[in-house]
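Single-structure report; data block below.
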Amino acid sequence: MRIDIITVHPELMESPFRHSILKRAQDKGLVEVNLINLRDYALNKHRTTDDYAFGGGAGMVMMIEPIALCIETLKSKNNYEEVIYMSPDGVLLDQPLANKLSLCGNMIILCGHYKGVDERVREHFITREVSIGDYVLSGGELGAAVLCDAVIRLIPGVLNDETSALSDSFQDNLIAPPVYSRPAEFRGWKVPDILLSGHEKNIEKWKYEQSIKRTKERRPNLLKGNNLK
Ligand code: SAH
């Protein structure tokens, strides 16, 4: 998978892709992430990518011309399945969407700034608009990093132990059970006996019950998607 991220602040996005699982995924050749500086596609020598809003009002708008040139240049070299715009009014990112995008071909992610992008960009170039939550960020970069992290770790082969993604929260519409590590007792706080019992079947049953209990307590809305009582 190739992910091309269009941004006016490429340096802001470098670090998340240089560490841990996202770095390993690139090292393994499972994903290629490119940070594309929108200013390289600006039409004037000042590398301007934003302008005043027609009709007035506070805040600048990202102009259509550099974005159109950038997207069309990328498309002339590669095929893309999705051109995503990060936007607070987009579809809320959730695990099913991350799963879906992890199986997708190449994608472009456009990061907005200021008041956002000229509406005609959204109408004519964008295939999907994604929000990372009901709050407003100052730019799409952090949202794009969140989206990429959620998606890339699900690309087959990225995680060493494939089952570890399957047992995460939200897969199967359930919250993950609590987890413990050594020591078995700390300040008198004990790890549940069952986890030390060695009875694999009983442990699996306990984990499943804990998942359901947690989901009922914390995210009852998820259970509606299941046949669980
Ligand atoms: N005026 C816009 C907000 C613009 S915020 C409005 O009221 O809807 C500037 C940019 O930050 C947006 O273009 C978008 O790319 C990004 N952004 C802000 N909040 C976001 C969110 N919750 N999820 C994804 N991207 C977001």
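In each ligand, atom 1 is the first atom listed, and ligand 1 is the first ligand listed. These numbers come from the heavy atoms of this one structure, side chains and all, not from hydrogens, waters or symmetry mates.
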Practice problem: Provide, to 0.1 Å, the distance between atom 14 (C) of ligand 1 and the closest protein heavy atom, together with that atom's residue and name. | Solution: M86 O, 3.0 Å
Quiz item: Is S211 reaching over with its side chain to a backbone N or O of I175, donor-acceptor style, under 3.5 angstrom?
Solution: yes
Exercise. For the pair H9 and H113, name the ring-plane relationship: parallel under 30°, tilted 30 to 60°, perpendicular over 60°.
Key: perpendicular
Practice problem: Look at R122 together with D89 and state whether they make a salt bridge at an N to O cut-off of under 4.0 Å. | Solution: yes
Practice problem: May I ask you to identify the nearest protein heavy atom to atom 13 (O) of ligand 1, giving residue, atom name and distance to one decimal place in Å? | Solution: Y85 OH, 2.7 Å
Quiz item: Within the side chain of E81, is there an N or O that forms a donor-acceptor pair under 3.5 Å with the backbone of G105?
Solution: yes
Quiz prompt | Nearest protein heavy atom with distance in Å, relative to atom 23 (N) of ligand 1 | solution = I132 N, 3.1 Å
Quiz item: Backbone or side chain, does any N or O of L110 fall under 3.5 Å from an N or O of ligand 1?
Solution: no
Quiz item: Given S87, G143, S138, which has its nearest heavy atom closest to atom 25 (N) of ligand 1?
Solution: S87
Exercise. Could you list the atoms of ligand 1 found under 4.0 angstrom from a heavy atom of G116?
Key: 13 (O)
Practice problem: Please say whether C111 places an N or O atom under 3.5 Å from an N or O atom belonging to ligand 1. | Solution: no
Quiz prompt | atom 19 (N) of ligand 1 [closest protein heavy-atom partner, distance rounded to 0.1 Å] | solution = L137 N, 2.9 Å
Quiz item: Does atom OH of Y52 have more than 12 heavy-atom neighbours, drawn from other residues, nucleotides or ligands, at distances under 6.0 Å?
Solution: no
Quiz item: Thinking salt bridges, do E217 and K213 make one under a 4.0 Å N-O criterion?
Solution: yes
Quiz prompt | Any donor-acceptor N/O pair, N37 side chain to R39 backbone, under 3.5 Å | solution = yes
Quiz item: Does CG belonging to N79 count more than 12 external heavy atoms closer than 6.0 Å?
Solution: no
Exercise. Please answer whether the main-chain N or O of V117 pairs with a side-chain N or O of Y85 as donor and acceptor at a distance below 3.5 Å.
Key: yes
Self-check item: ligand 1 to G112 polar contact by distance, N or O atoms, under 3.5 Å
Solution: yes
Self-check item: ligand 1 contacted by D89 (non-hydrogen, < 4.0 Å)
Solution: no
Quiz item: Any idea which atoms of ligand 1 are less than 4.0 Å away from a heavy-atom of G139?
Solution: 10 (C), 11 (O), 16 (C)
Quiz item: Short list, please: which atoms of ligand 1 are under 4.0 Å from a heavy atom of G140?
Solution: 11 (O), 15 (O), 16 (C)
Quiz item: Closest approach of I109 and C148, non-hydrogen atoms and distance?
Solution: CD1-SG, 3.7 Å
Self-check item: Residue R47 excluded, over 12 heavy atoms near CZ under 6.0 Å
Solution: yes
Exercise. Examine Y114 against ligand 1 and note whether any of their N/O atoms are separated by less than 3.5 Å.
Key: no
Practice problem: May I ask you to check if ligand 1 and V130 share an N or O to N or O distance below 3.5 Å? | Solution: no
Practice problem: Considering heavy atoms of the protein only, find what lies nearest to atom 21 (C) of ligand 1 and give residue, atom and distance to 0.1 Å. | Solution: P88 CA, 3.7 Å
Quiz item: Any idea which protein heavy atom is nearest atom 1 (N) of ligand 1, and the distance to it?
Solution: K115 O, 3.2 Å
Quiz prompt | Under-4.0 Å protein heavy-atom contact, atom 7 (O) of ligand 1 | solution = no
